Amino acid sequence: MKNFVFLLVGLWGLVLPALACTSAVVSGRATPDGRPLLWKHRDTDFLKNHVEFVRGEKFDFIAVVNSEDFHRKREAWIGTNSAGFALMNTQSYNLVEVKDGEERGEANGRAIYRALEICATVDDFRHYLDTLAKPSRIEANFGVIDAQGGAMMFEVDYYTYKIYDANDPEVAPAGYVARTNFSVSGQYGPGAGVVRYQEAVRVLDPLAASHSVTPRRIFNDLARSFHNCVLGIDLCRPPFTEAGASGWFVDQDFISRSSTSCSVVVQGVKPDESASLTTMWTVLGYPPTGVAVPLWVDETLPPMVCMDNSLGTSPLSYESLQLKDKVFSLKVGMGSERYMHWALLYNEKGDGYMQRLAPVEEENFRLAESLLEQWRRKNKVEREEMQALYRKLGKSMDLVN
């Protein structure tokens, strides 16, 4: 017990980066249906996020953006376009020695926005990086999938990049590449997110080995994981769920944290399928207090993911963050914001936010997957059916609210 306390105190003293994410590029080798996946679990200072539809120079796209400054900065953080190309980033902290006055990775979001409107394939993205003026002001791990089955992670600094191909058994034996906030090609030691990386690998290794990595498993087993590899604990198990427990815990190195603004899984297509079937499963807000909805590249998106000026963000983001604020409600002095009221999220009675929202998300998957199967047989998205589905999902969200 004494070692546990000392370790917890040591972890408490760590300074967490403001921009910190957990991610994975998953090849069709690790999924049950052969379709690649791209996952980003975003941590940021910009908690209010919405999904924007953009008519791009070559390709239209949808992307998760900062509600506060999107129209001013034209930055995107994960998205997919009409060619079936999808892109995301995690901030790296060990590729560049940032000089005084420089913003680390200041061009990352702009690079995603631009690539989504001009790139159709992984090779297009490689060419895009080659043509950027140097220094690029990019420092990131970029995950990419395309409609030809491409699935790669690019570690990019101001001048160069290194590629990790999830389809290459020598590079990715399990069929996936995970990253948090350090780059394998970067300087050993500096960086961030090592514990979150270990947790992602712990979960993904057995799933990939059994070809069972799916959007549902990513959201349930990773985005809402409260297992900590260093501490050797899982808050979803006794004694943390028992009535005799305090109901509180410290938010440290779990994949979902108070700084999480969304979690998104882009489910790609097989090479012989229409790129329009690419599906962006999106949880806006704090994933333990949110639900996933499916989105496709189309100018008509469901209002729940779109900017609502009266709220300053999307309704899904707003409602999730309202509940999250109840979880992180302790305001009694410096550092108290790190305590979370765990029993509000998960408890032995089964009435925690995560437990009550789980059936809603399950129904969203059931409705969408049934429709997707029909569309895949036709090899196209039926727009009227898509809009009808959005209306059904909107009604379910009214019940959540």
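Keep in mind the model is a prediction, meaning the values are calculated, not measured. Only this structure's heavy atoms are used, side chains among them; waters, hydrogens and symmetry mates stay out.
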Exercise: identify the closest heavy-atom pair between [X] and [Y]:
X    : Y    : value
G84  : T278 : CA-OG1, 3.7 Å
M280 : I78  : SD-O, 4.4 Å
S27  : A151 : CA-CB, 4.1 Å
P36  : D146 : CG-O, 4.4 Å
C236 : M354 : SG-CE, 4.4 Å
L95  : S183 : CD1-OG, 3.3 Å

How about F219 and W281: are their ring centres within less than 6.0 Å of each other?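 No, ring centres 6.0 Å or more apart.
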F61 and F53 aromatic centres sub-6.0 Å: no
Determine, step by step, whether L344 and K326 satisfy the side-chain contact (heavy atoms from CB on, under 4.5 Å) criterion, reporting the C-alpha distance in whole Å, the side-chain angles of both residues, the deciding distance to 0.1 Å, and the verdict. CA-CA 8 Å; L344 285 180; K326 295 175 189 263; 4.3 Å; yes
Side chain to side chain donor-acceptor pair (under 3.5 Å) between N347 and T241, worked out: CA-CA 5 Å; N347 58 62; T241 58; over 6 Å; no
Is it true that the side chains of [X] and [Y] contain a donor and an acceptor less than 3.5 Å apart?
X    : Y    : answer
E102 : Y158 : yes
S320 : T289 : yes
S67  : H50  : yes
N89  : K40  : yes
H341 : S329 : no
S310 : D308 : yes
S92  : N141 : no
D205 : Y176 : yes
N49  : S261 : yes
S185 : E155 : yes
S210 : S212 : yes

Gap between atom [atom2] of [Y] and atom [atom1] of [X] - 0.5 Å precision:
X    : Y    : atom1 : atom2 : value
N66  : K48  : CG    : NZ    : 12.0 Å
W248 : Y339 : CH2   : OH    : 10.0 Å
T313 : L284 : OG1   : CG    : 7.0 Å
Q198 : T180 : CD    : OG1   : 9.5 Å
S23  : Q91  : OG    : CD    : 12.0 Å

Is it true that atom [atom1] of [X] has more than 12 heavy atoms of other residues, nucleotides or ligands lying nearer than 6.0 Å?
X    : atom1 : answer
K349 : NZ    : no
E57  : CD    : yes
R202 : CZ    : yes
Y318 : OH    : no

Which class fits the ring pair [X] and [Y]: parallel under 30°, tilted 30 to 60°, perpendicular over 60°?
X    : Y    : value
F85  : F125 : tilted
W375 : W296 : perpendicular
Y113 : F70  : tilted

Taking 4.0 angstrom as the limit, do [X] and [Y] come out as a salt bridge?
X    : Y    : value
R383 : D298 : yes
E97  : K99  : no
R55  : E299 : yes

Selection residues 259-280 - residue pairs positive for salt bridge (Lys or Arg N to Asp or Glu O under 4.0 Å), sequence neighbours left out: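 Found R35-E273.
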Using a 4.5 Å cut-off on heavy atoms from C-beta on, say whether the side chain of V297 contacts that of T80. yes
Are any non-hydrogen side-chain atoms of F328 and D251 less than 4.5 angstrom apart? yes
Checking the side chain of [X] only, and the main-chain atoms of [Y] only, is there a donor and an acceptor separated by less than 3.5 Å?
X    : Y    : answer
N108 : I138 : no
K134 : L132 : yes
W77  : A63  : no
D165 : N167 : yes
S336 : G333 : yes
T31  : G34  : yes
R29  : A166 : yes
D157 : T160 : yes
K324 : S258 : yes

Under the side-chain contact (heavy atoms from CB on, under 4.5 Å) rule, what do V25 and M152 come out as? Steps first, then yes or no, please. CA-CA 6 Å; V25 175; M152 296 185 182; 5.7 Å; no
Take E199 and S225, measure what side chain to side chain donor-acceptor pair (under 3.5 Å) needs, and give me the verdict at the end. CA-CA 9 Å; E199 178 63 17; S225 168; 3.1 Å; yes
Hits for side-chain hydrogen bond (donor to acceptor under 3.5 Å, both in side chains) against E170, two or more places apart or cross-chain, chain-then-number order -> none
Step by step, work out the salt bridge (Lys or Arg N to Asp or Glu O under 4.0 Å) result for R257 and D43. CA-CA 8 Å; R257 313 187 275 172; D43 291 286; 3.7 Å; yes
Show the numbers, then the answer: is there a side-chain contact (heavy atoms from CB on, under 4.5 Å) between R74 and V54? CA-CA 10 Å; R74 290 291 193 270; V54 176; over 6 Å; no
Considering the options R216, R366, R224, which one meets the side chain to side chain donor-acceptor pair (under 3.5 Å) requirement together with E361?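 Checked R216, R366, R224 against E361; only one passes side chain to side chain donor-acceptor pair (under 3.5 Å): R224.
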Let me see the working for W39 and S263 under side chain to side chain donor-acceptor pair (under 3.5 Å), right down to the final yes or no. CA-CA 7 Å; W39 172 51; S263 195; 3.0 Å; yes
Compute both the distance and the angle, then confirm whether K162 meets the cation-pi test with Y164: under 6.0 Å from the six-membered ring centre, within 45 degrees of the axis.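 Yes, cation above the ring, under 6.0 Å and within 45°.
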Check the pair N181 / R196 against side chain to side chain donor-acceptor pair (under 3.5 Å), numbers first and verdict last. CA-CA 9 Å; N181 303 110; R196 285 181 287 113; 2.6 Å; yes
